[in-house]
Every structure is written in structure tokens, then in C-alpha cells.
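Numbers restart at 1 for each chain; the letters A, B, ... are given by sequence-line order, proteins then strands. Here the structure is a predicted model, which is why all the values come from computation and not from measurement.
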2 protein chains.
Amino acid sequence: MSTKYEEILVVTYRLFAEVGIEKTSMSRIAKELGISKPAIYYYFPSKGALINTLFDFLMKEIQFQNFFNQEEYTPHNIRQKLIVDGHAMIKQQAADPHYEKVMSEYYALSAKETKFAIELKHVLHIYLEGFTRLLELAVAADLIDRKDVHLRAQFLTLIVDGLDKYTDKEYNVDPSEIWTFAVHSALKN
Amino acid sequence: MSTKYEEILVVTYRLFAEVGIEKTSMSRIAKELGISKPAIYYYFPSKGALINTLFDFLMKEIQFQNFFNQEEYTPHNIRQKLIVDGHAMIKQQAADPHYEKVMSEYYALSAKETKFAIELKHVLHIYLEGFTRLLELAVAADLIDRKDVHLRAQFLTLIVDGLDKYTDKEYNVDPSEIWTFAVHSALKN
DNA sequence: GTCTATAAAGCGATAGAC
DNA sequence: GTCTATCGCTTTATAGAC
């Protein structure tokens with residue numbers, strides 16, 4: 001059973017994907033829920049609060065640590081674990097039909113609202129650091145050179161960042177295959 | 001000397017990047033140009049027309065053929081030419097300070113306006129076909145297997161698509177280096 | 001071609017009753 | 001907690017004068 005607070009967030013999330021953040025009006029959210037506009041204001045002080053709450057939720061969802069747990073990585077298993085964890089990430093994001101569009105909305109919003117830009121950049125930076133640390137295990141295993149770590153961490157970050165765009169489309173290539181190829185490329189000397 | 005028609009488009013393009021498409025009002029455009037709102041309606045029948053005109057312009061700008069000219073490619077020069085053409089593309093897109101943000105705006109808009117979604121997908125599809133044809137030259141040169149062409153064309157398309165995100169930020173890695181690495185990866189057996 | 005003035009609609013948000 | 005009613009503002013777009 002879900003609370004009204006949660007119901008509002010769920011409907012708003014869907015509308016942000018379908019209609020866009022700016023064009024999603026409080027009236028529209030109320031209408032879809034079968035309640036009145038002031039009822040939403042009882043739970044959220046403003047539309048901005050609704051936008052911020054969903055953004056914070058999303059940022060937690062996409063954190064590096066949710067998909068790649070550094071503690072489980074060893075110089076021995078790094079290749080296979082990178083591949084498997086990436087596949088799990090792709091699968092999870094594909095399971096949410098609104099994910100890509102809502103992210104795209106927030107990305108556009110970040111052009112005008114510094115707060116979002118800073119946070120999105122931060123999340124990307126953590127991916128960069130995370131992949132850097134994982135790739136250093138590959139250095140220890142003599143798979144790659146230390147000097148190549150930085151560039152290849154950037155490379156993997158870019159791929160991860162771009163993969164969701166290819167997730168819900170019928171490009172007759174599984175994004176998982178691209179990820180697998182990218183991991184092999186990143187670990188090739 | 002530029003016409004008023006062009007002046008309107010230039011200012012609107014900048015505002016789309018700085019303020020966002022939806023939050024850019026006709027009044028704001030008029031104000032920045034030092035003219036009145038109805039004056040804009042003399043040149044463009046609606047705000048939608050303004051949005052469409054700039055979109056069409058942008059789609060022509062980012063076409064595959066503008067950056068990768070298939071006729072100049074041979075099995076011999078493919079590696080070097082892919083790298084050089086990619087660098088030129090990165091340089092050109094970085095030269096336009098509004099490019100990334102406006103593209104991001106249209107990408108968000110494509111979530112609700114099918115017209116844009118279809119066109120963006122089409123442009124991506126042409127990249128896919130283009131890289132496929134170029135990589136077939138690499139097959140002829142025995143650089144890679146035919147069976148790998150499709151996946152690697154997808155791979156290069158994803159990279160190209162994602163690179164502009166890294167263009168205007170201080171990630172202390174040149175996106176050109178990522179592209180170079182990607183090309184070498186795509187041409188490795 | 002460009003203006004002032006304004007119509008018509010929708011927005012976020014609030015007051016106050018229940 | 002949820003409602004009806006409404007305020008104040010901004011939006012796209014147009015009418016009509018110059």
C-alpha cells in the first residue's frame with residue numbers, strides 16, 4: 001500500500017517523462033490523480049519541491065556504487081565483473097520505461113538551474129573515480145598500463161552515460177553487447 | 001549584413017540554450033532584439049515555427065556527411081581518416097558554445113513531440129549506416145571481421161553521440177583522445 | 001514593417017470552508 | 001486532508017493604427 005505522498009511522486013515522474021517537466025502543471029498532476037490542486041500543495045510546498053524530490057531520488061538511483069561494488073573486485077575477476085555489473089545496470093534502467101526521458105528532462109533543466117548541473121556533474125565524476133579505481137586493479141594484474149587508466153576510465157564513463165539512449169530502441173543490437181565490447185577494449189593493451 | 005529574419009533566429013538560438021525552449025517567450029526574444037513581439041510574428045507565424053526552423057537548421061549541421069565523406073575513404077587510410085574527421089567534428093561542435101545545450105533541449109522536446117524524435121532517430125540511423133559502410137572498408141583491408149562491423153558501427157555512433165557532452169567541461173581529458181582510442185578499438189581484431 | 005493594446009487561456013500558489 | 005474559488009501573473013497570439 002502506498003501513501004498519497006508516494007502516489008503523487010509516481011504520477012509526477014511519469015508525467016515528467018511524457019509531458020516534460022515544465023509543461024507538467026500542478027493541475028494536470030491533480031487531474032491524473034483524481035484530486036484537486038491544493039491537495040498536492042498539502043504534501044509539497046511548491047512545484048519546485050516536487051522537481052527537487054524526484055531529482056534527489058533519481059540521483060540516488062543512478063549512483064555508481066549501486067551497480068559497481070568496488071569491494072567485490074579483484075585483479076582476477078575485473079573483466080568478467082565489469083561486464084556482468086554493466087549488464088545488470090542496463091537491465092535495471094531498461095526496466096523503468098520513463099528513466100531515459102526523465103533524465104533527459106533533468107539534463108535540459110540543468111542548463112538553467114546550476115544546482116542540477118552541479119549534482120549531475122558530481123555523479124559523473126564519481127563514475128570516473130570509480131572506474132579509475134577499478135582499472136587500477138587491471139594495472140596490478142598487468143592487463144593495462146598505468147598511464148592508460150585515466151583515459152579509459154573516461155571512456156567507460158562515456159559509454160555508460162550513453163548506453164541508456166540505446167536501451168529502449170530497436171537498434172537490433174543489445175546495448176549489453178556494446179558494453180561487453182567496451183570493457184574488452186578498455187582492458188586491452 | 002544580416003536580415004531581421006536571421007537576427008531573430010540567432011537570438012532565439014542563444015536563448016534556447018541559455019533559458020530553454022519552453023521558457024523562452026516571444027516577449028523575451030523581442031526584448032533582446034529591441035523590437036516588439038508582433039514584429040516577430042511578422043516573420044514567423046508562431047513560436048512553433050521558430051522552434052521548427054532552428055531544429056531543421058541544426059539537423060543539417062550535424063549530418064554524418066558533413067564530417068565523414070565516404071568517397072575520401074580507402075581501406076588504406078580509414079584508420080587515420082576516421083580519427084582526423086572525428087577530431088574536426090569535435091572541434092567544430094566545441095566552437096559553438098550553445099550547441100550542446102540546444103541539442104539537449106531538442107532531445108528533451110523529442111520526448112513529447114514525435115516529429116523531433118523521428119528526425120533525431122533518423123540522423124542517428126544515418127550515422128550508423130555511414131560507419132557501417134566505412135568499417136566495411138576495414139573488412140576489405142582485413143583489419144576486422146565482417147561479423148564485427150555492425151556492433152562496432154553502433155559503438156562508434158554511441159561515442160560520437162556522447163562526445164559533445166564532454167566537450168565544454170574541464171575533465172582534463174581531450175574528447176579527441178577518447179575518439180582516437182575508440183577508433184583504434186573499433187579497428188582492432 | 002513595426003507599433004500599442006488587448007484578448008483568451010493557463011500557470012503557480014493561496015484563502016478559507018468543511 | 002481535501003475541497004471550491006480566486007488572485008496575480010505570464011503566456012501565445014491577434015486587432016488595428018501608423
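- Atom OH of B:Tyr5 and atom C1' of C:dG1 are 17 Å apart (whole Å).
- Separating the OH atom of B:Tyr43 from the P atom of D:dA13 is a distance of 18 Å, rounded to the nearest angstrom.
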Output one letter per nucleotide in nucleotides 12-18 of chain C: B when a protein non-hydrogen atom lies under 4.0 Å from the base, S when only the sugar-phosphate is that close, - when neither is. BBBB---
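- Of the listed residues (B:Val10, B:Thr12, B:Val11), just one forms a side chain to side chain contact (heavy atoms under 4.5 Å, CB included) with B:Arg14, and that residue is B:Val11.
- Side-chain contact between A:Leu163 and A:Gln93: absent, with no pair of heavy atoms (C-beta onward) separated by less than 4.5 Å.
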Could you list the donor-acceptor pairs under 3.5 angstrom formed between side-chain atoms of residues 43-52 of chain A and any protein atom two or more places apart in sequence or on another chain?
unit_1, atom_1, unit_2, atom_2, d
A:Ser46, OG, A:Gly48, N, 3.3
A:Ser46, OG, A:Ala49, N, 3.2
A:Lys47, NZ, A:Ile21, O, 3.1
A:Lys47, NZ, A:Glu22, O, 3.3
A:Lys47, NZ, A:Thr24, O, 2.9
A:Asn52, ND2, A:Gly48, O, 3.3

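- Taking atom OH of residue A:Tyr42 and atom C1' of nucleotide D:dT4, one finds them 19 Å apart after rounding to whole Å.
- In this structure, B:Arg28 atom CZ and D:dT12 atom P are separated by 12 Å, rounded to whole Å.
- One can place CD1 of A:Ile35 at 13 Å from P of D:dG1, the figure rounded to the nearest angstrom.
- Under a 4.0 Å N-O distance rule, the pair B:Glu105/B:Lys23 does not qualify as a salt bridge.
- Remark: C1' of D:dT14 and CD1 of B:Ile40 are 15 Å apart, rounded to the nearest angstrom.
- A donor and an acceptor atom, one from each side chain of A:Asp85 and A:Tyr73, are located under 3.5 Å apart.
- Judged by distance alone, the side chain of B:Tyr13 and the main-chain N or O of B:Leu54 form no donor-acceptor pair under 3.5 Å.
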Kindly indicate, with the supporting measurements, whether the criterion salt bridge (Lys or Arg N to Asp or Glu O under 4.0 Å) is fulfilled by A:Lys115 and A:Glu119. CA-CA 6 Å; A:Lys115 173 194 181 304; A:Glu119 192 61 33; over 6 Å; no
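- Side-chain proximity of A:Ser36 to D:dG1, D:dT4, C:dT2: nearest is D:dT4.
- For DNA chain D, no neighbouring residue in residues 9-20 of chain B is found when judged by any heavy atom under 4.0 Å.
- When only modelled atom types and interatomic distance are considered, A:His125 and A:Thr157 share no side-chain donor-acceptor pair under 3.5 Å.
- One atom, CD1 of B:Ile21, and another, P of D:dT11, lie 16 Å apart when rounded to the nearest Å.
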Walk me through it: do A:Phe131 and A:Phe68 pass the test ring pair (Phe, Tyr, Trp, His ring centres under 6.0 Å)? CA-CA 9 Å; A:Phe131 282 132; A:Phe68 303 92; 5.2 Å; yes
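- Nucleotide C:dA9 holds its C1' atom 14 Å from the NZ atom of A:Lys23, rounded to whole Å.
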